Asks: 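Here you go, one structure.
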Amino acid sequence: MSSRPKCGSSDIRFRISESDFMALRSIGTALCVTLVACPTAQAAEEPPLVKTWLKEQKASCSPGVMTVKKGFLTRRDVNADGRDDYILDNGFLECDGQASYYCGTAGCDTTVIASVGDGYANVYEGMARNIVFRTVRGKPAMVLTTHGSGCGKIGAENCTSTLLWNGKTFAAKR
């Protein structure tokens, strides 16, 4: 019977020559340099406005613990300028395990931060049941589904409104 170590054991060892070790070390160094120097290998960093907004949300949960779930932050070009914009959906936040802290029958608190000129601006902040971005009459548009009370209906019903991009924000279409 052989006394071979099992897979996953920390006792598995390999013998390699010094020249093979140096070759592997060079490959590892080159890979590390590529990952650090190559811009496509790094994720884009959020603008300061997004970081500030998230910091404010964490403070609103204090002294509780805020949990950020996958889906909270969506990067997407919503104003057709070729740059990432940010949709922050509080439906994917929890404060002390309570998702309802940021949502209710009107939907969830949602913020859209869009690139404007050389910077970013908060172009929408409010309760929304759903937000869809599309093109209307050749312009970027945001279609909001909100609480029924916003358009004279009962709360369980939906109101839908379309806002068009005017170069600075989303505004009611005319």
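Residues: numbered from 1 along the sequence shown. For clarity, every value in this text was computed on a predicted model and none was experimentally measured.
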Asks: Looking at every non-hydrogen atom in both residues, tell me the closest pair between A114 and V123 and how far apart they are.
Replies: CB-CG2, 3.9 Å
Asks: Determine whether more than 12 heavy atoms belonging to other residues, nucleotides or ligands lie under 6.0 Å from atom NZ of K168.
Replies: no
Asks: With sequence neighbours excluded, tell me which residues meet ring-ring contact (aromatic ring centres under 6.0 Å, His included) with F92.
Replies: none
Asks: Taking all non-hydrogen atoms of both residues, which atom of D77 and which atom of G82 are closest, and how far apart?
Replies: OD2-N, 2.7 Å
Asks: Without swapping roles, check the side chain of S60 against the backbone of Q57 for a donor-acceptor pair under 3.5 Å.
Replies: yes
Asks: With a 6.0 Å cut-off (strictly less than), is the heavy-atom count around NZ of K153, excluding the residue itself, greater than 12?
Replies: yes
Asks: side-chain hydrogen bond (donor to acceptor under 3.5 Å, both in side chains), that's the test. Do D85 and S115 meet it? Break it down for me.
Replies: CA-CA 6 Å; D85 302 306; S115 55; 3.0 Å; yes
Asks: Looking only at heavy atoms, what is the nearest atom pair of C108 and N90, with distance?
Replies: CB-C, 4.4 Å
Asks: So, for A121 and V116, which heavy atoms are closest and what is the spacing to 0.1 Å?
Replies: CB-CG2, 4.0 Å
Asks: Under 6.0 Å from the ring centre and within 45 degrees of the ring axis: does the NZ or CZ of R76 meet both conditions for the six-membered ring of Y86?
Replies: no
Asks: Apply the test side chain to side chain contact (heavy atoms under 4.5 Å, CB included) to residues V112 and F133: give CA-CA distance (whole Å), side-chain angles for both, the deciding distance (0.1 Å), then the verdict.
Replies: CA-CA 11 Å; V112 178; F133 295 92; 4.0 Å; yes
Asks: Which heavy-atom pair separates V50 from L73 by the least distance, and what is that distance?
Replies: CG1-CD1, 4.3 Å
Asks: Heavy-atom distance under 4.5 Å between the side chains of E125 and D109, does that happen here?
Replies: yes
Asks: Does M142 reach the side chain of W165, with side-chain heavy atoms less than 4.5 Å apart?
Replies: no
Asks: Evaluate T160 against L144 for side chain to side chain contact (heavy atoms under 4.5 Å, CB included), listing each step before the verdict.
Replies: CA-CA 6 Å; T160 302; L144 294 171; over 6 Å; no
Asks: Applying side chain to side chain contact (heavy atoms under 4.5 Å, CB included), can you list everything that pairs with A80, at least two apart in sequence or on another chain?
Replies: P140
Asks: Would you check if T110 and M127 make a side-chain contact, meaning some heavy-atom pair closer than 4.5 Å?
Replies: no
Asks: Any chain of hydrophobic side-chain contacts (each under 4.5 Å) joining L93 to V65?
Replies: no
Asks: Which pair of non-hydrogen atoms, one from H147 and one from R129, has the smallest distance, and what is that distance?
Replies: CD2-NH2, 3.4 Å
Asks: According to ring-ring contact (aromatic ring centres under 6.0 Å, His included), who are the partners of F72, at least two apart in sequence or on a separate chain?
Replies: W53
